[in-house]
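These numbers come from a predicted model, not from an experiment.
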Amino acid sequence: MTDVLVSDAPEAHRFEARDAAGELLGFAVYDVVGRTVVFTHTEVDPRAEGRGVAATLVQAALDAVRESHRDVVALCPYVKAWVARHPEYQDLLHRP
């Protein structure tokens, strides 16, 4: 989906996906533990399902994590599956 704008909302501990009019389409909730971003839940408004919102949201969130030089724990099943399908993002996974 091309008209999805993703931004970090750190006060809400989530990345948000919005349309061009600013309507919330979905979000990916996270916690920060040290330098690790722990994704716990991803949700897309039912009216926006099937339009690639979740994929766009997760990719943008992971790109932001990469830019901040942090790593990821994917507790959220969607984030975990997305990373498994995209080997170029697996280097972000936290290695104890």
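The OG1 atom of T36 sits 4.5 Å away from the NE2 atom of H94 when rounded to the nearest 0.5 Å. One finds the CG atom of D3 at 15.5 Å from the CZ atom of R18 (value rounded to the nearest 0.5 Å).
Among residues two or more places apart in sequence or in another chain, the ring-ring contact (aromatic ring centres under 6.0 Å, His included) test is passed with F15 by Y30. Residues that satisfy the ring-ring contact (aromatic ring centres under 6.0 Å, His included) test with F39, not counting sequence neighbours, are absent from this structure. Applying the side chain to side chain donor-acceptor pair (under 3.5 Å) criterion to S68, with sequence neighbours excluded, gives R70. Under the rule for a salt bridge (Lys or Arg N to Asp or Glu O under 4.0 Å), E43 has no partner lying at least two apart in sequence or in another chain. With sequence neighbours excluded, no residue forms a salt bridge (Lys or Arg N to Asp or Glu O under 4.0 Å) with R95. For H86, the ring-ring contact (aromatic ring centres under 6.0 Å, His included) test picks out W82, with sequence neighbours left out. Judged as a salt bridge (Lys or Arg N to Asp or Glu O under 4.0 Å), and not counting sequence neighbours, the contacts of D71 are R35. Every residue meeting the salt bridge (Lys or Arg N to Asp or Glu O under 4.0 Å) condition with D91, not counting sequence neighbours, appears here in chain and number order: R66. A search for side chain to side chain donor-acceptor pair (under 3.5 Å) contacts involving Y78 returns nothing, not counting sequence neighbours. Under the rule for a side chain to side chain donor-acceptor pair (under 3.5 Å), R85 has no partner lying at least two apart in sequence or in another chain. Under the side chain to side chain donor-acceptor pair (under 3.5 Å) criterion, H13 pairs with no residue, sequence neighbours left out.
Cluster partners of L24, using a side-chain heavy-atom cutoff of under 4.5 Å among ILVMFWY residues and allowing indirect links, are F27, V29.
Within the 4.5 Å cutoff, the side chain of T40 has heavy atoms near those of the V38 side chain. A heavy-atom distance below 4.5 Å is found between the side chains of V79 and T42. Side-chain contact between L93 and V83: present, with at least one pair of heavy atoms (C-beta onward) separated by less than 4.5 Å.
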Begin with the C-alpha distance, continue with both residues' side-chain angles, and end with the deciding distance and a verdict on side chain to side chain contact (heavy atoms under 4.5 Å, CB included) for L75 and V73.
-> CA-CA 6 Å; L75 297 180; V73 170; 3.9 Å; yes

For the pair L62 and L92, evaluate side chain to side chain contact (heavy atoms under 4.5 Å, CB included) and give the outcome as yes or no after the intermediate values.
-> CA-CA 8 Å; L62 293 175; L92 288 174; 4.0 Å; yes

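When the shell of 6.0 Å around CD of E67 is examined, it contains 12 or fewer heavy atoms from other residues, nucleotides or ligands.
Each of V37 and V33 belongs to its own hydrophobic cluster when Ile, Leu, Val, Met, Phe, Trp and Tyr are linked at side-chain heavy-atom distances under 4.5 angstrom.
Smallest separation of non-hydrogen atoms from L5 and A20: CD1-CA, 4.4 Å. In this structure, L25 and A48 approach most closely via the heavy-atom pair CD2-CB, 4.1 Å. For the pair L57 and G26, the tightest heavy-atom approach, listed with the atom from each and the gap, is CD2-C, 4.0 Å.
Using a cutoff of 4.0 Å between basic side-chain nitrogens and carboxylate oxygens, E16 and R14 are scored as salt-bridged.
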